[in-house]
Amino acid sequence: MSDKRWVSWSMVASAFAMVTVFHCGPVSTGGARTSIQASLRGATPTGPTSAGWSVTYEQALLSVDSLRWNVGEPVFEARLRQRLFRAISIGTAFAHPGHYSPGDALADTSVLRVLDLMGPTVQLTSITAVTGTSNSATLTLRPADAARAAGTTLSAGNTVRVQGTAAKAGATVRFRMELADAFDIAGTPAHGEIRADGTTSFAIAVDLGLWLDRADFSTLAMVAPAMDGVVDVPADGQVRNALFRGVSNGSAYRVTLLPASGQ
């Protein structure tokens with residue numbers, strides 16, 4: 001067998017191995033009715049942003065509508081497999097598109113509340129589910145109405161509120177801003193077996209470091225602060241756009257299966 005043919009067969013074998021690892025199609029659910037638990041919390045920055053700013057949050061609020069777990073593979077895994085297939089010249093008829101295909105839903109719950117990501121972990125219990133293998137999750141984030149926003153610092157009609165201090169090379173700026181946009185965080189990794197005994201539990205962490213990772217706070221130098229010394233970020237400013245991209249970033253939402261009790 002020529003070296004060229006050996007390489008060709010090796011590449012095909014590798015491709016089929018990757019297909020197996022990445023679950024080419026949604027797996028079927030076990031179907032037995034059960035329930036799961038979930039917790040949500042904010043994870044504060046552990047170091048400077050990619051732009052070199054150290055951000056300290058004072059407020060971080062998020063209006064969450066719902067959570068859903070699906071058998072479909074996460075977005076980045078579908079895209080990775082597609083790039084692999086293209087790299088080894090497998091025909092596109094056998095390659096999956098890079099968009100998210102959720103497949104069957106295994107669990108979902110309406111949250112319908114504003115979460116204080118600087119506060120205690122929020123516990124969600126008795127979430128209706130069926131048994132099966134979860135691979136991805138979707139979070140829907142929507143503007144809060146007056147009833148939902150009541151008792152929080154988030155203004156009605158907004159989805160996100162942040163306030164804090166950014167420091168870099170001796171420069172310090174206090175800032176605040178809100179976003180009124182709706183977000184669908186679809187296809188974030190959420191791997192785990194949903195068991196029939198009702199003990200399955202997932203932890204969801206919102207990485208606040210990624211929310212403002214691309215913000216250049218030096219662009220606020222010419223913006224006069226309010227009477228309390230805090231700069232209200234302009235709606236068309238770079239920092240506001242960076243927050244929008246950060247909140248939209250699926251990597252900012254980490255879903256982890258917790259070990260079963262006793263393990």
Side-chain angles (χ1 to χ4, degrees), residues 15 18-41 62-86 90 92-113 115 122 124-143 159-160 181-196 198-207 210-211 244-258:
M18 292 297 285
V19 168
T20 302
V21 170
F22 289 142
H23 307 298
C24 253
V27 298
S28 60
T29 68
R33 291 184 63 83
T34 184
S35 63
I36 65 173
Q37 294 78 48
S39 63
L40 298 99
R41 65 178 180 87
L62 180 64
S63 177
V64 180
D65 254 34
S66 65
L67 288 167
R68 180 176 294 109
W69 285 258
N70 293 88
V71 300
E73 65 184 353
V75 170
F76 84 91
E77 291 180 10
R79 290 173 179 169
L80 177 61
R81 186 183 57 243
Q82 184 183 41
R83 288 196 295 269
L84 172 67
F85 284 163
R86 286 176 176 172
I90 289 181
T92 55
F94 298 99
H96 290 253
H99 66 272
Y100 176 54
S101 179
D104 293 333
L106 294 174
D108 64 82
T109 185
S110 295
V111 182
L112 303 177
R113 62 189 292 182
L115 304 183
V122 175
L124 303 174
T125 60
S126 301
I127 298 170
T128 300
V130 295
T131 57
T133 302
S134 169
N135 289 301
S136 60
T138 295
L139 294 81
T140 59
L141 315 176
R142 295 292 183 269
T159 305
V160 175
D181 308 89
F183 300 89
D184 291 320
I185 311 301
T188 194
H191 295 292
E193 190 72 20
I194 295 179
R195 300 179 296 271
T199 62
T200 305
S201 185
F202 290 89
I204 302 166
V206 181
D207 188 341
L210 288 180
W211 271 15
F244 177 88
R245 292 195 301 271
V247 174
S248 304
N249 184 359
S251 298
Y253 307 85
R254 300 192 301 269
V255 184
T256 306
L257 177 70
L258 298 179

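- In plain terms, the two heavy atoms of Leu210 and Ser251 that are nearest each other are CD1-O, 3.5 Å.
- With hydrogens and angles disregarded, a donor-acceptor distance shorter than 3.5 Å links the side chain of Ser136 to the backbone of Gly72.
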Could you give me the CA-CA distance, side-chain angles and deciding distance for Thr34 and Val130, then say whether side-chain contact (heavy atoms from CB on, under 4.5 Å) is met? CA-CA 5 Å; Thr34 184; Val130 295; 5.6 Å; no
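- In summary, of the residues considered (Asp108, Asp104, Thr138, Ile127), a side chain to side chain contact (heavy atoms under 4.5 Å, CB included) with Trp69 occurs for Ile127 alone.
- Going from atom OG of Ser63 over to atom CG of Leu112 covers 8.5 Å, rounded to the nearest 0.5 Å.
- Annotation: the span from Asp65 atom CG to Leu141 atom CG amounts to 8.0 Å, rounded to 0.5 Å.
- Heavy atoms only, all atoms of each residue included: Asn70 and Pro102 are closest at CB-O, 3.1 Å.
- With 3.5 Å as the limit, one finds a donor-acceptor pair spanning the side chains of Thr140 and Ser66.
- Side-chain contact between Asp181 and Phe244 is present, with heavy atoms from C-beta onward closer than 4.5 Å.
- Defined by atom type and a distance below 3.5 Å, a donor-acceptor pair is present between the side-chain atoms of Thr133 and Glu193.
- Proximity of Trp211 to Val206: side-chain heavy atoms (C-beta onward) are separated by under 4.5 Å at one or more points.
- Thr109 places no side-chain N or O within donor-acceptor distance of the main-chain N or O of Leu67, the cut-off being under 3.5 Å.
- Residues satisfying the salt bridge (charged side-chain N to carboxylate O under 4.0 Å, His left out) criterion with Arg33, sequence neighbours excluded, are absent altogether.
- Judged as a side chain to side chain donor-acceptor pair (under 3.5 Å), and not counting sequence neighbours, Ser134 has no contacts.
- Here the closest heavy-atom approach between residue Arg254 and residue Asp207 is recorded as NH1-OD2, 3.2 Å.
- A salt bridge links Asp184 with Arg142: at least one charged nitrogen is closer than 4.0 Å to a carboxylate oxygen.
- Shortest non-hydrogen contact noted between Phe183 and Ser248 is CE2-OG, 3.3 Å.
- Closest approach of Ala107 to Ile194, counting heavy atoms only: CB-CD1, 4.4 Å.
- Checked against Thr188 for a side chain to side chain contact (heavy atoms under 4.5 Å, CB included), the options Ile204, Asn249, Leu139 give a single hit: Leu139.
- Among all heavy-atom pairs drawn from Gly198 and Gln37, the shortest one is O-NE2, 3.3 Å.
- Distance alone, capped at 3.5 Å, is enough to place a donor-acceptor pair between the Tyr253 side chain and the Val247 backbone.
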